[in-house]
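Structure, as structure tokens:
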Amino acid sequence: MVDNKEKFAQLRKVIAEHKDEPGPLMPIMHAAQEIFGYLPMDVQIEIAESLGITLSEVYGVATFYSHFSLEPKGEHVISVCMGTACYVKGSQAVLDKLSDSLGIQPGGTTKDGKFTLLATRCLGACGLAPVLTVDEAVHGRVTPDEVPAILSIYED
Amino acid sequence: MIIYRSHILVCGGTGCTSSGSSLLMDRFEQQLKLHQLDKEVSLVKTGCFGLCEAGPVVIVYPEGTFYSRVKVEDVDEIVSEHMLKGRIVRHLVYHHETEEKEGQSLNDIEFYKHQDRIALRNCGVIDPEKIDEYIAFDGYKALGNALTKMTPQEVVDVIKASGLRGRGGGGFPTGLKWQLCKDVAGDKKYVICNADEGDPGAFMDRSVLEGDPHAVLEAMTICGYAIGSDEGYIYVRAEYPIAVNRLRIAIHQAREYGLLGKNILGTDFSFDVHIRLGAGAFVCGEEMALMTSIEGNRGEPKPKPPFPATQGLFGLPTNINNVETYANIPQILIHGADWFRSMGTKRSPGTKVFALGGKINNTGLVEVSMGTPLRQVIYDIGGGIPGDKQFKAVQTGGPSGGCIPESLIDVPIEYDSLVEIGSMMGSGGMIVMDEDNCMVDIARFFLDFTVDESCGKCTPCRVGTKRMLEILDRIVSGKGEEGDLERLEALAESIKDTALCGLGQTAPNPVLSTIKYFREEYEAHIREKRCPAHHCRELLHLEITDKCRGCTACFRVCPVGAITGTAREKHSIDVSKCIKCNSCIEKCHFDAIIKV
């Protein structure tokens, strides 16, 4: 486990690398999210202070883009594609089934911190619609019936 | 140099990677070594072949044998039979039920027969991670010609003469765009590639970046030379990790070969490219918002003018085109404007890539000449609608486009003709819908998307689309009122007239086009509280018909105990308890349960 001090050292290194290039904020925030897994307030403060901009600017950017998260995510992130191709092939039913099985709404994380459920934009794998991803793994042509089997892979 | 007798091409696009093509690569490598064929047979991981439906796809040359849905277990057989003994493994060869004869090679397959591939010409042909393969297919030839034999104005003139129009959706003439930026005085200008492909159901830009990244780099460099810029940015979605990785490799290789960086090909011209990652905001596909985002701000659009050509990125003159537009540039310079004009129509020359998806047999990526009728794309290339279902509509242009009904599918596809029938080209998503899709719900789906993605800067988009969504939500849940359609139309018109950017101005299109062509579906929802497609949950109930044999399968699967009955007698459903989860329909062996 990398401790927080180590993570902040990494963050400062990234900031130093990007600081002098034009438009450094987005690349730094991408890297920060990579390091911490999300963007906690003290990380945003650190970024704002090092770049000499206000915290509200950093917070404004962090909340504008759906890729940036202010909350820690679960151990496994399940993303159900809600692009048009997946939607017309029934991805809503898959999302509903997951929501029921996990007892959380899309965007939420289970109490045990095991799963985060997201409804996501088109993943571009429309040939496999409806598609969901668990972390990096892609599951294609999913039906609601298959949800328990998919969850059981990650459950123990 | 080793001469190989055979090439095995494995698709490494996102679709095939998702269905396991990287495992195939490993197995092939191992098997070829085992049979000591690794010096005779070359194994290539390519970009997308386009026919994602049949993935993972493997093609063997020189025969051009097209193997589809290949599993890891099949690899041993392909190697031992085809590679070792020269016998094609018949049962793995792609064969579609709609085709009479078995398509053995690429050119026999209906899906490819009707296509003209310019932007996709190298996708699925070369290894995108090797610059030498791109160069072997005339790569960087156009750049060499431009830098050594042409003036910047001559380059712009060729692009203007070709009639190429922006493939990102707007259809603005590319040559004119370059000219405007070239004519602005300034020491520092930027070239941007818009790879923030946000339209749901469109993935052509991703496929070009994954399958032929050097084509985009070459074109951006040519553009830099033409307009007088030495620096470019590619703004690409963070959701496309394979594309980003291949771009990074391509940029690195191009720098090593002196095709990016200082004094390109020994000339005075210098140009370099940076990658910037998007962060999941649809509005950043709008050019002004995209530039604001690169600058490190919330990706909000700005009013135009000033246009990017005069005040773009960091306030400096900027040319911005999308991925597919750039992918056409080197080919136009090599073959000339007349060659390009020989394809497509007078108003829209060249080809367009479409992502076919939804209720269609051959989902995937196709590139056809402009002017091809929608019917040909859907039936001849796409192979029609699966499962004897009735075609209902095709949606083009994503959240900015509209739904085209069957009566209009003989319309030739070009920018202007699609706008005339209330849709638009957009970036090229084409989603086919059948009788089971409710058009009111589809309109609601797109509005939901827009409301979620609206940046909030201007009121018509932020508030107006929200009000429209509320009305649609009411209609699909059976609470529609007389006058709702008129209210939707009035709101739509004022949003179109007053929103700040393209996202807002086009957001009402899915609603307007469905009202125009499927008004009776809206009216059925509002007046009869009925969903003709039997899709909207709150407007339907389940019924058991006389086909029921009393097998109790539905009875046992129902999660809420809504089904009652005894064995061997017709069961019944208590509609007040039923949650319409459809579990019983899936379980019934006799098709005895229907939605009404």
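All chains are named by letter (A, B, ...) in the order of the sequence lines, taking the proteins before the strands, and each is independently numbered beginning at 1.
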**Request:** Could you grab the distance from atom CG of B/N437 to atom OG1 of A/T84, nearest 0.5 Å is fine?
**Result:** 11.0 Å
**Message:** Nearest 0.5 angstrom please: A/D145 CG to B/S583 OG, how far?
**Reply:** 7.5 Å
So with a 6.0 Å cut-off around [atom1] of [X], is the heavy-atom count from everything else above 12?
{"X": "B/K188", "atom1": "NZ", "result": "yes"}
{"X": "A/Y59", "atom1": "OH", "result": "no"}
{"X": "B/K457", "atom1": "NZ", "result": "yes"}
{"X": "A/K13", "atom1": "NZ", "result": "no"}
{"X": "A/E71", "atom1": "CD", "result": "no"}
{"X": "A/E155", "atom1": "CD", "result": "yes"}

**Request:** Determine yes or no for a side-chain-to-main-chain donor-acceptor pair under 3.5 angstrom, with A/S66 supplying the side chain and B/G280 the backbone.
**Result:**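 Yes, the answer is positive, given that a donor and an acceptor are paired below the 3.5 Å cut-off.
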**Asked** Judged by atom type as modelled, is there a donor-acceptor pair below 3.5 Å linking the side chain of B/R298 to the main-chain atoms of A/G60?
**Response**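 It does hold such a pair.
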**Item:** Residue pair B/D448 / A/Y87, side-chain donor-acceptor N/O under 3.5 Å
**Value:**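 Not at all, the side chains of B/D448 and A/Y87 share no donor-acceptor pair under 3.5 Å.
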Side chain to side chain, [X] and [Y], heavy atoms closer than 4.5 Å:
{"X": "A/Y65", "Y": "B/C284", "value": "yes"}
{"X": "A/L128", "Y": "B/S19", "value": "yes"}
{"X": "A/C126", "Y": "B/F203", "value": "yes"}
{"X": "B/E300", "Y": "A/F64", "value": "yes"}
{"X": "A/V88", "Y": "B/F445", "value": "no"}
{"X": "B/L277", "Y": "A/M26", "value": "no"}

Taking every non-hydrogen pair under 4.5 Å, which of [options] racks up the most with chain A?
{"options": "B/M433, B/H535, B/R237, B/H274", "answer": "B/R237"}
{"options": "B/G358, B/C52, B/G357", "answer": "B/G358"}
{"options": "B/P200, B/G20, B/A279", "answer": "B/A279"}
{"options": "B/T363, B/I431, B/D436", "answer": "B/I431"}
{"options": "B/G299, B/G201, B/A355", "answer": "B/G299"}
{"options": "B/D441, B/L51, B/D434, B/I360", "answer": "B/D441"}

Can you tell which part of [X] gets under 4.5 Å to a heavy atom of chain A, answering side chain, backbone, both or neither?
{"X": "B/E239", "answer": "neither"}
{"X": "B/Q395", "answer": "neither"}
{"X": "B/R276", "answer": "side chain"}
{"X": "B/S293", "answer": "both"}
{"X": "B/I294", "answer": "backbone"}
{"X": "B/F282", "answer": "neither"}
{"X": "B/L365", "answer": "neither"}

**Item:** side-chain contact (heavy atoms from CB on, under 4.5 Å) partners of B/A289, counting only residues at least two apart
**Value:**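 So B/A289 forms a side-chain contact (heavy atoms from CB on, under 4.5 Å) with B/V283, B/E286, B/P301.
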**Request:** Give the member of A/E136, A/K97, A/K89, A/R141 that has the highest number of heavy-atom pairs under 4.5 Å with chain B.
**Result:** A/R141
**Request:** Look at A/A93, A/G127, A/C81 and state which one has the largest set of heavy-atom pairs under 4.5 Å with chain B.
**Result:**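 Maximum pair count with chain B is reached by A/G127.
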**Message:** Tell me whether B/D452 is salt-bridged to A/R121, with the criterion being a basic N under 4.0 Å from an acidic carboxylate O.
**Reply:** yes
**Asked** Using non-hydrogen atoms and a limit below 4.5 Å, what part of residues 27-35 of chain A faces chain B?
**Response**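 Answer by number: A/P27, A/H30.
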**Request:** Of all the heavy-atom pairs spanning B/T14 and A/A125, show the shortest one and how long it is.
**Result:**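 Answer, listing the atom of B/T14 first, then A/A125: CG2-CB, 4.4 Å.
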**Item:** Contact origin within A/Q92 toward chain B - heavy atom pairs under 4.5 Å
**Value:**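 Contact with chain B involves no heavy atom of A/Q92 at all.
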